[in-house]
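Every chain is numbered from 1, with letters handed out A, B, ... down the list of sequences. No experiment lies behind these values; they were computed from the predicted model shown.
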Amino acid sequence: MRPRLILAVFLGLLLIAPLVASEFHVTLLNYIGLYAIVALGLVLLTGVGGLTSFGQAAFVGLGAYTTAYLSATENLPGWAASLGGSPWVGLLAGLLVTAVVAFVLGFLTLRLSGHYLPLGTIAWGISLYFLFGNLEFLGGHTGMSGIPALSVFGVELRESRKFYYVIWAVVLGAVWLTQNLLDSREGRAIRALKGGVIMAEAMGVDTARSKVVIFLVAALFACVSGWLYAHLQRFVNPTPFGLHIGIEYLFMAVVGGSAHVWGALVGAGVITVLKQWLQDWLPRLLGASGNFEMIVFGLMMIVVLQRARDGLWPILARLVPQREVRRDVPQGEVLPRKPVPESGLVLLEARNVVKQFGGLVANNNMSLTVKAGEVMALIGPNGAGKSTMFNCISGVNPPTKGEVRFRGEVVTNLNSRQIAKLGMSRTFQHVRLLPTMSVLENVAIGGHLRGSKGVLPAMLHLEREEEQRLLAEAARQVERVGLKDSMFELAGSLALGQQRTLEIARALCADPCLLLLDEPAAGLRYLEKQSLAELLRKLRGEGMGILLVEHDMDFVMGLADRVVVMEFGEKIAEGLPDEVQRDPAVLEAYLGGVD
Amino acid sequence: MDLQIALLLSQDGITNGAIYALLSLALVLVFAVTRVIFIPQGEFVAFGALTLASFQAGKTPGTLWLLVGAGVVVALLDITMALRSGASRRIPRIVGWNLVYPAAAAAVVFLLKPSEFPLLAQIVLALALVVPLGPMMYRLAYQPLAEASVLVLLIVSVAVHLALVGLGLLFFGAEGSRTPSFSDASFDLGLVTVNGQTLWVVGASLLLIVVLALFFERTIYGKALRATAMNRTGARLMGISTVMAGKLSFLLAALIGAFSGILIAPITTIYYDTGFLIGLKGFVGAIVGGLASYPIAAAGAILVGLLEAFSSFWASAFKEVIVFTLIIPVLVWRSLTTRHVEEDE
């Protein structure tokens, strides 16, 4: 069966389910839908973005309590009564409250390293739970009742069979929005968060912003689920918004397959059905009442993480033949290019750059310049400090002392994202690419700054024209470096030399006027080196400045216009390739002294 | 509020704070050595206290069955691994620790009558049942994932916590227990009466901290743990087994947790799920210390105890809200003072 057919069957079953299923099963499906919406947010946050939250239940609670408070008018003080009454007001207010709370919490915790965020979410998960239970106007631990039913197009949805359609429309809508988001310029930035932050920043991606974005989206999904829950149950109390439920949501995402949109649905389904079943059987089996399903869930999680860390979805997906990879090369109008600086103009000027790591001086008083339309090579034995110098120049790891000017501007204290914006682009000595994304998508990250459409247009797929142009540009760069045949393969499946070439395409996709290449020829075969040299000559001819670190002397000497030689963090020679090759200091550095 | 109430609250706060401090030390230790954020710490608190309470009530604690069961599973796994790698000389040791030891513990519980033991012997027996669960837990849940990211380890921790809370409910039921005080003495210091249990808690905590400090400074195993905490690969190259370091740190954490539970049980009623909140308060302390500094973590934990005591006086319903919201300014302060360089995992 083709994936499309399976999807159609699934949708068909969803459509007729409430007509044939029993009341009990419809209720179960309703809950699966509600949980899937939350789990979907966690897929985006955890599986894709590499951030984790145990506190999503609290956001569900914010959505539920806001609408409960506003729509059950008897709760409201007299002056505000006229504002409330409608579930839709409750929805808007809930989204607003959740967005504000999530933004503040995210702003405070997302800047910290990995584990502080989940710990923070545990803390505020508990905090908000106790707050719901102890605030007089929210009904305390007994909760609030009298929440009106939802009306859609004048139909009042009092029965769970009717409500079912609203819930599943929202689920599918959320799936659509999430998939759209992931398949966009913003989505590539989000997918780079897991393991590619340094690279993404060097390509101009504001990773802090991307983190806040997915945190907000996940929180808002949870809020919508809570809003639906409140109008389905028409009663809220703090219990379903506690930390343990928050943990369950995360389990759903992980068990289902946290890196896959459909994994959220699988996980929500499996956990909900299993919970129902275990809650029936375990107390009978153990002869005591209590939430013993926790034991099973806990053990199951440990086994899943040890044995199948990617969850159930990839295992299910393997049963179905792989979808055909799209083979058409994207076509689109050429993106506007920045004006090319006049050949011979000084692009980069590093003056007396010092970089210290504790007591170790990695770069000492390094100075160099790169002009437009020239290839400048930076060479030296291993450990001479060449890559450190690259990091100083490109803002990945700013210098301790000294000054770096790029196109006349002082960039010493700018971060790599700001420097990328000015037209500098780079590759890394240890390749930094996203192995599970295609070659084309990896290259398209380089074009991040050449697009401008944000998250909302991406979720609604209103940015298709720009996206098409970006992909077309990426495809042109892939072709240009000679990787056309592997355009749709996973970047991780390429040989190391090709991965380096991919990095060059990615850097070129940013339309730079200065290109920093860290050992681009390492791992390439002779003919590949020839064509790389050809490409670099052509780029030089177009007026691009190129700063090159390389060990292959034939490659460097045949290509470079000028050479700077480093040893032990200092410059020992500078000049034309021929001069440098005859320089006694250089010979000693490379070949050892002759006594 | 007058001075007397303030002193009374401070006494409460310091007592609880001492317990949180102990827990925060264990959390820092486990994180530093294994990168595991040890959420199940609280369950050791509950298990320690409730096992002791079971002895006193003349019941067989369920933790005994957990020890026996976990021992069997560990033995099966380790023996299979030993046979596969042709290291059959390891088997007697595996059998000894995982099968014979739990069986001996069961024999003591069934053949002798722990309910008639003196308090000290009951405490030792409770610790003997609960503490070995630490290394066994490391073996079963964490060791196969030792190279995983902090995030995966954290999710495992939460899963272990959940399973143990469920088991706690199964073993000890939903009712809480309190154990008798170690001492009924009280000392009248004019404005305020200091009771004996408070002195016990603070004294025992201080003693344990000193012993731990000596362990880390003076013994070869303590140094091995410190080395592993500083540089895992380097320590391994020097012949320190990371598995050993992991098990040892879990053993210490389990000891500290169970002992804290036994200390606090005469003051607070302990339910099967009480440990979690107690452990998390230790966490707030540990986070104050950035999960790295022992003294700052301990100070942070005392602060949490005091804050909790005073907020239970002013706004008792919001006690937990206040304590757990404290973490937010702490995190802000952490984010302003640490310059975090993003590492790719």
Atom of L151(B), atom of P118(A) and distance for their closest heavy-atom approach: CD1-CG, 4.0 Å
Salt bridge (Lys or Arg N to Asp or Glu O under 4.0 Å) partners for D273(B), two or more places apart: none
Donor-acceptor contacts, no H, no angles, side chain residues 298-305 of chain B, under 3.5 Å, sequence neighbours left out:
none

Residue part contacting chain B, namely of L305(A), when any heavy atom lies under 4.5 Å: both
When Q306(A), H244(A), R309(A), M300(A) are compared by non-hydrogen pairs under 4.5 Å with chain B, the top option: Q306(A)
Sub-4.5 Å side-chain heavy-atom contact between I126(A) and F276(B): yes
Heavy-atom pair with the smallest gap, counting every atom of L286(A) and L170(B): CD1-CD1, 3.8 Å
Contacting region of F251(A) [heavy-atom separation from chain B under 4.5 Å]: side chain
Interface residue of largest heavy-atom contact number with chain A, from L277(B), I155(B), V160(B), under 4.5 Å: I155(B)
Proximal component of L140(B), with respect to chain A [non-hydrogen, under 4.5 Å]: backbone
All side-chain hydrogen bond (donor to acceptor under 3.5 Å, both in side chains) counterparts of T436(A), not counting sequence neighbours: none
Close contacts, residues 70-80 of chain B versus chain A, judged by heavy atoms under 4.5 Å: none
CA sep, side-chain torsions, deciding dist, call: M301(A), V156(B), side chain to side chain contact (heavy atoms under 4.5 Å, CB included): CA-CA 7 Å; M301(A) 261 322 270; V156(B) 172; over 6 Å; no
Part of L280(B) within contact of chain A (heavy atom distance under 4.5 Å): side chain
Atom group of N291(A) that falls short of 4.5 Å from chain B, counting heavy atoms: backbone
Residues, nucleotides or ligands: over 12 heavy atoms within 6.0 Å of N413(A) CG: no
For chain A, the option from A174(B), A148(B), G173(B), P144(B) that forms the most heavy-atom pairs under 4.5 Å: P144(B)
Other residues, nucleotides, ligands: >12 heavy atoms within 6.0 Å of R284(A) CZ: yes
Residue V254(A) versus chain B: region with a heavy atom under 4.5 Å: side chain
